[in-house]
Amino acid sequence: MNRGLMVAAALAIAATTCGRATDVEGGNERPQETTVQENSIRATMQDYAFSVEGEAGAGEVLVEFTNGGDELHDAIIGRLEEGKTLEDVQRLLQGGPQGPPPPWFDDAPMDMGIVGPGETSGIVVDAEEGTYALLCFMTDPQGVPHAAHGMVQTFEVGPAGTSTEIQPDEQIVMSATGAEAPRLSSGSSILEVTNEAAQAGEVLVLQLAQGRTLEDVESWFRRGQKGPVPATFHGGTHAIEPGASAKLTFTLDPGRYSIVASFGEGEDIRDIATEFTISA
């Protein structure tokens, strides 16, 4: 599982590169609206903690994130084996990077991509009953993952209730040539992305700062995230397997955006941007 442009830091319990993350040039202070779903968990990201509210039963669960901090954040979502707790995850993290996650940490649930300060985004998880963990693996100025600072939290999914399948506002396809441009309205929307490529891919929505390019974003990550962030990050997910789909929520103002599909690993990563416009 690569992080490509997202640089999220993880095969679940592994850390990656360093650097401080601040807001995009010019700032972003608009108020956020949230997507209202009956079966949902709402998580607020701070520097460095998650706070969680809401109740969910087994089935499709919307996990929605609002970044109330000053840094970029993401979230690994993993299901814990019965009997394992937040304390077990914290003890695991104290040992530093461990490579692949242990057998009692199932990282199969899809992850939340980068969410910028002041932004709200979410992902729909097909959840079984049990305990789930949220871990942020973005890094501080010294290269330490936020999870090591305590940005770890759990939430419970109870027995299946009467909630229904979460319906997307639009469906698009991601292929080896990139993602289709969505036709979303301003405000909150649910987008379903299906990966028709032959390999797993990531998807991310961002808004470039004035005069900046996707190459500037890639260079900013390679340089260790130094200086002003050249884009505002609106969420996404780290990996969609071939033939699989992901339902994502975005809260977007009118403006020009890019949806970025990322494939490959290491030197072979390909980031393909498709521009789209949100009208008033």
Side-chain angles (χ1 to χ4, degrees), residues 2-8 21-28 30 32 65 67 72-74 110-123 138 168-197 199-223 225 227-240 245-264 268-280:
N2 76 80
R3 286 297 179 262
L5 179 60
M6 299 181 187
V7 191
T22 56
D23 198 6
V24 67
E25 298 170 9
N28 184 354
R30 65 180 174 85
Q32 293 292 317
F65 298 86
N67 187 344
L72 300 179
H73 294 297
D74 65 7
M110 303 183 86
D111 306 330
M112 184 73 250
I114 299 174
V115 182
E119 302 302 320
T120 293
S121 185
I123 186 165
M138 295 302 292
D169 296 302
E170 186 180 1
Q171 297 174 312
I172 66 167
V173 167
M174 179 174 70
S175 68
T177 58
E180 294 178 322
R183 298 178 297 277
L184 301 175
S185 302
S186 60
S188 295
S189 301
I190 301 175
L191 179 66
E192 184 171 24
V193 183
T194 299
N195 183 10
E196 292 189 354
Q199 62 185 134
E202 304 174 0
V203 66
L204 174 71
V205 170
L206 57 80
Q207 188 173 34
L208 293 167
Q210 186 173 4
R212 296 291 191 163
T213 65
L214 184 61
E215 288 71 25
D216 293 326
V217 177
E218 295 168 339
S219 176
W220 182 80
F221 278 119
R222 288 195 300 269
R223 296 196 314 269
Q225 305 172 43
V229 185
T232 298
F233 293 89
H234 295 278
T237 191
H238 295 143
I240 307 175
S245 299
K247 294 177 184 177
L248 304 160
T249 70
F250 300 98
T251 304
L252 304 175
D253 283 338
R256 192 75 172 167
Y257 296 84
S258 294
I259 184 167
V260 182
S262 179
F263 299 97
D268 297 324
I269 290 175
R270 295 181 298 112
D271 295 321
I272 308 161
T274 303
E275 293 189 348
F276 66 99
T277 300
I278 301 290
S279 57

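One is the number of the first residue; the rest follow in order along the sequence.
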> Is the backbone N or O of R256 less than 3.5 Å from a side-chain atom of T277, with the two atoms forming a donor-acceptor pair by type?
Replying inline: no
>> Main chain of W220, side chain of D216: is a donor-acceptor contact present, judged purely on distance under 3.5 Å?
In response: no
>> Under the criterion side-chain contact (heavy atoms from CB on, under 4.5 Å), I'd like the reasoning laid out for I272 against V260: C-alpha separation, chi angles, the key distance, then a yes or no.
In response: CA-CA 5 Å; I272 308 161; V260 182; 6.0 Å; no
> Can T237 and D111 be said to form a side-chain hydrogen bond (donor to acceptor under 3.5 Å, both in side chains), step by step?
Replying inline: CA-CA 5 Å; T237 191; D111 306 330; over 6 Å; no
> Can you find a heavy atom in the side chain of V115 that is under 4.5 Å from one in the side chain of H73?
Replying inline: no
> Which salt bridge (Lys or Arg N to Asp or Glu O under 4.0 Å) pairs, counting each pair once, include a residue from residues 169-193, with sequence neighbours left out?
Replying inline: E170-R183
> Do any N or O atoms from the side chain of D74 and from the backbone of G113 form a donor-acceptor pair under 3.5 angstrom?
Replying inline: no
>> If the condition is side-chain contact (heavy atoms from CB on, under 4.5 Å), which residues does S175 pass it with, not counting sequence neighbours?
In response: T177
>> So, using side-chain contact (heavy atoms from CB on, under 4.5 Å) as the criterion, who are the partners of I278 when residues are at least two apart?
In response: L184, S186, L252, Y257, F276
> Between S121 (side chain) and H234 (backbone), is there a donor-acceptor pair under 3.5 Å?
Replying inline: yes
> Taking only residues two or more places apart in sequence, or in another chain, which ones meet T194 in a side chain to side chain donor-acceptor pair (under 3.5 Å)?
Replying inline: S245
> For E215, what residues pass the salt bridge (Lys or Arg N to Asp or Glu O under 4.0 Å) criterion, not counting sequence neighbours?
Replying inline: none
>> Suppose the criterion is salt bridge (Lys or Arg N to Asp or Glu O under 4.0 Å): which pairs have a residue in residues 230-239, not counting sequence neighbours?
In response: none
